Amino acid sequence: MPYKFTFDLSKISRFFFKEIARTSYQKGMHKKVSKTVHEVIRRFKIQEATGLNLSDAVLLLEDFIDIQARNLLERDSFVQTRKRALFLPHCSRKYMDNRCKAAFDPNIPSYKCAHCSPDCLINRAASFAEKKGYDVYILPGGSCIPKILESKRYEGVVGVSCGEEIKLGGEMLKSMGVTGQAVPLVKNGCANTFFSLGNLLDLL
Ligand code: SF4
Ligand code: SF4
């Protein structure tokens with residue numbers, strides 16, 4: 001399920017995301033970050049930069065913090081895993097039409113990148129992950145996750161998607177005893193979306 005609003009944080013400084021990591025750590029320590037969330041939104045001029053109203057900006061930031069906090073909590077067990085998969089969102093492909101040469105397997109269902117475009121974000125993420133031994137799936141939606149996990153029995157999964165999908169996917173992983181790490185999209189909209197490749201490579 002996508003957010004009911006669109007956002008684009010791709011121009012926000014990388015320091016913003018470091019601040020989220022710091023705030024997430026505080027959340028784990030204190031469980032009370034409401035004031036901090038408002039302060040971070042004000043300090044990084046998130047409303048001015050994105051046009052989001054305050055409640056949408058707060059929801060977005062709280063999701064980012066939850067994701068980061070969970071990454072921190074699960075990091076130690078994730079690094080112990082050996083059989084891993086990377087789930088990438090189909091909406092970050094360079095092309096959403098038949099110029100994308102990814103092969104679609106309806107049995108999974110998922111796309112497999114054919115590496116047709118060197119500047120495609122999905123290509124760059126998939127190429128790196130494949131070299132590191134990950135099985136890579138480009139998913140049309142989170143509902144494919146249980147089927148993949150049931151058939152392949154991965155120990156660890158890294159997922160990229162918008163925050164709401166990450167929350168749903170995280171619940172699925174938890175119920176199946178799989179350790180997860182996640183990277184939220186910084187630009188949503190279900191096409192031409194964007195995530196930080198740097199943040200993903202750090203997690204992988
Ligand atoms: S590089 Fe991969 S994901 Fe990107 S457009 Fe080509 S086949 Fe599709
Ligand atoms: S933005 Fe991408 S990951 Fe989020 S719901 Fe839309 S298609 Fe799925």
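Each ligand, and each atom within it, is numbered from 1 in the order the structure gives. Everything numeric in this text was worked out from a predicted model, so none of it was measured.
In Cys91, the part holding a heavy atom less than 4.0 Å from any atom of ligand 2 is the side chain. Counting heavy atoms closer than 4.0 Å to ligand 2, residue His90 contributes side-chain atoms (C-beta onward) but none from N, CA, C or O.
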Would you mind writing out the side-chain donor-acceptor pairs for residues 108-118 within the sub-3.5 Å range, not counting sequence neighbours?
| unit_1 | atom_1 | unit_2 | atom_2 | d |
| --- | --- | --- | --- | --- |
| His115 | ND1 | Asn123 | OD1 | 2.6 |
| His115 | ND1 | Ser127 | OG | 3.3 |
| His115 | NE2 | Glu130 | OE1 | 3.3 |

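Taking Lys132 as the reference, nothing meets the side-chain hydrogen bond (donor to acceptor under 3.5 Å, both in side chains) condition, with sequence neighbours excluded. Under the rule for a side-chain hydrogen bond (donor to acceptor under 3.5 Å, both in side chains), the partners of Lys167 that lie at least two apart in sequence or sit in another chain are Asp63.
For atom 8 (Fe) of ligand 1, the set of protein N/O/S atoms nearer than 2.8 Å consists of Cys100 SG, ordered by chain and number.
The side-chain contact (heavy atoms from CB on, under 4.5 Å) test with Cys91 is passed by exactly one of Leu139, Leu185, Asn192: Leu185.
Ion pair Glu39/Arg42 flagged as a salt bridge, since at least one NZ, NE, NH1 or NH2 atom sits closer than 4.0 Å to an Asp/Glu carboxylate oxygen.
Atom CG of Leu73 and atom CZ of Arg75 lie 13.0 Å apart (nearest 0.5 Å).
Counting the atoms of ligand 2 from 1 in the order shown, those under 4.0 Å from a heavy atom of Ser161 are 3 (S).
Taking backbone and side chain together, Cys162 holds no N, O or S atom under 2.8 Å from atom 6 (Fe) of ligand 2.
Under the 4.5 Å side-chain heavy-atom criterion for grouping Ile, Leu, Val, Met, Phe, Trp and Tyr, Phe64 is connected to Leu197 within one hydrophobic cluster.
Asp8 contributes no side-chain N or O that, together with a main-chain N or O of Thr50, makes up a donor-acceptor pair within less than 3.5 Å.
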